[in-house]
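What follows is a short report on a single structure.
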There are 2 protein chains.
Amino acid sequence: MAQDKKQAILKGVLKLVNRVGFYHINMKMVAQEAGVAAGTIYLYFKGKEELINELYKMIVTEFNGNVLEAYDHDGPIRDSYNAMMTQAVVFYLNNKDYFSFVEQYTYAPFLFKEYQEQNFTLLLPIYKMMRAGKKQKLIKNLPDAVLLSMVHGPMNTMLKMHFAHKVDLTKTSMQKKFYDACWEAIAIDKK
Amino acid sequence: MAQDKKQAILKGVLKLVNRVGFYHINMKMVAQEAGVAAGTIYLYFKGKEELINELYKMIVTEFNGNVLEAYDHDGPIRDSYNAMMTQAVVFYLNNKDYFSFVEQYTYAPFLFKEYQEQNFTLLLPIYKMMRAGKKQKLIKNLPDAVLLSMVHGPMNTMLKMHFAHKVDLTKTSMQKKFYDACWEAIAIDKK
DNA sequence: TTTCACAAAATGAATGTTCATTCATTTTTA
DNA sequence: TAAAAATGAATGAACATTCATTTTGTGAAA
């Protein structure tokens with residue numbers, strides 16, 4: 001089946017990102033990992049560039065889908081916040097390859113201009129929540145960029161530190177401290 | 001002079017990071033940019049890998065030196081915080097190439113294990129300040145990793161957004177909002 | 001059910017290009 | 001004039017992509 005093979009190739013790249021790192025990946029390895037011949041990749045993708053870009057699209061779709069699932073439009077913002085943060089962090093903890101791929105993708109030479117534009121696509125779910133929180137006077141009236149950076153930035157750094165064994169983000173106590181700290185950074189103080 | 005040429009080569013790489021991007025850089029280009037022959041590079045560096053690693057060392061040294069200069073051990077923490085944040089942000093704003101180099105370096109295949117270990121070297125100045133602040137009961141008693149992530153993470157994200165033209169970090173009003181937000185995230189509330 | 005013909009899919013060896021590195025030769029320095 | 005420094009053409013390895021060939025799938029006819 002055509003779609004199976006396409007997926008197998010994409011997943012192959014992803015596995016390799018973890019095992020050998022983004023820039024040691026070559027088409028022969030991808031082929032081997034996916035269980036196809038090198039030439040076969042070119043039946044499904046125009047070339048390496050398209051392959052990488054499609055993979056990025058796949059990850060964005062999967063990640064955003066996951067995080068948005070945790071967003072309860074009717075419940076309290078604070079609950080949605082917790083659920084979404086957990087979802088995002090756990091997603092990356094379980095998919096280190098997704099994380100390092102996304103990190104590396106930004107500066108990869110494969111990047112089309114069109115993608116560069118939507119390079120903050122992965123922030124859309126957070127952005128959405130911020131807006132709602134601002135309206136409800138629960139979240140500080142700061143520029144969107146600042147609010148986004150106060151959630152996305154720390155998550156990124158924490159994950160990097162986790163994968164560098166500087167901290168253990170799998171511990172729920174650590175997660176809680178971290179989520180709370182970020183919330184306090186963006187929430188209006190109710191004392 | 002030997003050191004001049006070494007520096008010229010390192011600076012050449014840096015300029016090229018900006019102009020063509022990390023992964024399009026080849027030794028011929030570096031040579032041309034530095035005004036030497038390709039072979040000359042090998043008189044000063046063992047190879048591309050060493051060249052890249054030395055450059056990282058150079059940047060870390062320069063950056064940390066700059067930021068630590070702003071640290072006044074005798075004055076109030078809050079002032080040091082502001083001065084250091086400003087120093088760090090302005091440094092990267094004026095040296096986009098440094099920023100993108102550091103961002104890309106983490107996942108580059110050149111990275112020796114020994115460097116990977118000290119990959120958070122760039123956080124040492126912040127770390128130092130956190131410690132002092134905790135002692136003075138000015139900064140929250142959170143795990144170091146969390147505190148670090150609440151300052152370093154947002155800075156990274158803001159800079160990325162700035163360079164992607166999503167926000168203008170050169171505006172002092174934006175800088176102030178951002179510095180204050182990060183401070184509130186880590187400081188003990190005095191209300 | 002088996003056979004055959006044709007198309008679609010897949011293969012992987014061959015190709016051409018890019019590029020890090022080397023080293024015989026030349027230039028500079030002291 | 002001899003040593004040190006610099007040069008850049010030559011080398012060879014790595015690797016994306018191509019394409020002539022092989023394999024697999026499909027369905028009509030026997």
Side-chain angles (χ1 to χ4, degrees), chain A residues 1-58 100-101 104-105 107-113 115, chain B residues 1-58 100-101 104-105 107-113 115:
Chain A
M1 178 67 68
Q3 279 310 306
D4 288 357
K5 211 149 267 184
K6 198 168 176 179
Q7 281 298 310
I9 293 166
L10 289 170
K11 292 280 181 188
V13 178
L14 217 33
K15 268 190 223 161
L16 288 169
V17 172
N18 238 344
R19 190 161 343 124
V20 305
F22 206 89
Y23 287 97
H24 285 135
I25 292 173
N26 63 52
M27 296 306 256
K28 210 170 185 176
M29 290 166 81
V30 173
Q32 203 170 318
E33 188 68 34
V36 300
T40 308
I41 299 172
Y42 292 85
L43 299 176
Y44 295 95
F45 303 95
K46 227 180 125 193
K48 196 179 184 181
E49 193 167 305
E50 190 180 283
L51 174 57
I52 297 294
N53 282 315
E54 292 256 335
L55 186 52
Y56 180 71
K57 268 198 251 179
M58 190 192 88
S100 50
F101 181 89
Q104 289 169 75
Y105 182 78
Y107 292 99
F110 311 107
L111 204 64
F112 285 132
K113 275 274 148 53
Y115 291 103
Chain B
M1 177 68 67
Q3 279 310 305
D4 288 356
K5 211 150 267 187
K6 197 168 178 179
Q7 281 298 310
I9 294 166
L10 288 171
K11 292 280 182 190
V13 178
L14 217 34
K15 268 190 223 162
L16 288 170
V17 171
N18 239 343
R19 189 160 344 122
V20 305
F22 206 89
Y23 287 98
H24 286 134
I25 293 173
N26 62 53
M27 298 304 259
K28 208 170 188 175
M29 289 165 81
V30 173
Q32 202 172 318
E33 188 67 35
V36 300
T40 307
I41 298 172
Y42 293 84
L43 298 176
Y44 296 95
F45 303 94
K46 227 181 125 192
K48 195 178 183 179
E49 193 166 307
E50 190 180 284
L51 173 57
I52 297 295
N53 283 314
E54 291 257 336
L55 185 53
Y56 180 71
K57 268 198 251 180
M58 190 193 90
S100 51
F101 181 90
Q104 290 170 74
Y105 181 78
Y107 291 98
F110 311 107
L111 205 64
F112 285 133
K113 275 275 146 51
Y115 291 104

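Chain A is the first sequence line, chain B the second, and so forth, proteins listed ahead of strands; every chain is numbered from 1. Bear in mind the structure is a predicted one, so any value in this text is a computation, not a measurement. Hydrogens, waters and symmetry mates are skipped; everything else that's a heavy atom, side chains included, is used.
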Nearest-Å distance for atom pair [atom1]/[atom2], residues [X] and [N]:
| X | N | atom1 | atom2 | value |
| --- | --- | --- | --- | --- |
| E49(B) | dC19(C) | CD | P | 18 Å |
| L43(B) | dT29(C) | CG | P | 15 Å |
| N26(B) | dC19(C) | CG | P | 5 Å |
| Y44(B) | dA4(D) | OH | P | 14 Å |
| Q32(A) | dA13(C) | CD | C1' | 16 Å |
| L16(B) | dC19(C) | CG | P | 13 Å |
| K28(A) | dT15(C) | NZ | C1' | 14 Å |
| H24(B) | dA20(C) | NE2 | C1' | 16 Å |

| said: Among dA6(D), dT7(D), dA16(D), which nucleotide has an atom closest to any side-chain atom of K5(B)? | reply: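 When the side chain of K5(B) is considered, dA6(D) is the closest of dA6(D), dT7(D), dA16(D).
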| task | From the options dT21(C), dG8(D), dA16(D), select the nucleotide whose nearest atom is closest to the side chain of M27(A). | result |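 Side chain of M27(A) sits closest to dA16(D).
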| query | Any side-chain N or O of K48(B) less than 4.0 Å from the OP1 or OP2 oxygen of dT21(C)? | reply |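 Answer no for this pair, as no side-chain N or O of K48(B) is under 4.0 Å from OP1 or OP2.
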| message | Looking at dT11(C), I'd like to know if its phosphate oxygens (OP1 or OP2) sit under 4.0 Å from a side-chain N or O belonging to Y42(A). | response |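 No, because none of the side-chain N or O atoms of Y42(A) sits under 4.0 Å from OP1 or OP2 of dT11(C).
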| Taking side chain as C-beta onward, heavy atoms only, is Q7(B) less than 4.5 Å from M58(B)? |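 They are in contact (side-chain heavy atoms under 4.5 Å apart), so the answer is yes.
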| Side chains of V30(B) and V36(B) in contact at under 4.5 Å (non-hydrogen atoms) |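 Answer no - side chains too far apart.
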| task | Verify side chain to side chain contact (heavy atoms under 4.5 Å, CB included) between E50(B) and E54(B), making sure each step is shown before the conclusion. | result | CA-CA 6 Å; E50(B) 190 180 284; E54(B) 291 257 336; 4.1 Å; yes
| Aromatic ring pairing F101(B)/F22(B), orientation class (parallel under 30°, perpendicular over 60°, tilted between) |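 Geometry flag for F22(B) against F101(B): tilted rings.
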| request: Mind checking L51(A) for me? I need base, sugar-phosphate or nothing, with any heavy atom below 4.0 Å counting as a touch. | output: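 L51(A): no heavy atom of the nucleic acid under 4.0 Å.
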| message | Heavy atoms only, 4.0 Å cut-off, all strands: where does I41(A) land among base, sugar-phosphate and nothing? | response |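 The answer is nothing, as I41(A) stays clear of every strand by at least 4.0 Å.
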| field | Exercise: identify the closest heavy-atom pair between I41(A) and A31(A) | value |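 It is CD1-N, 3.8 Å.
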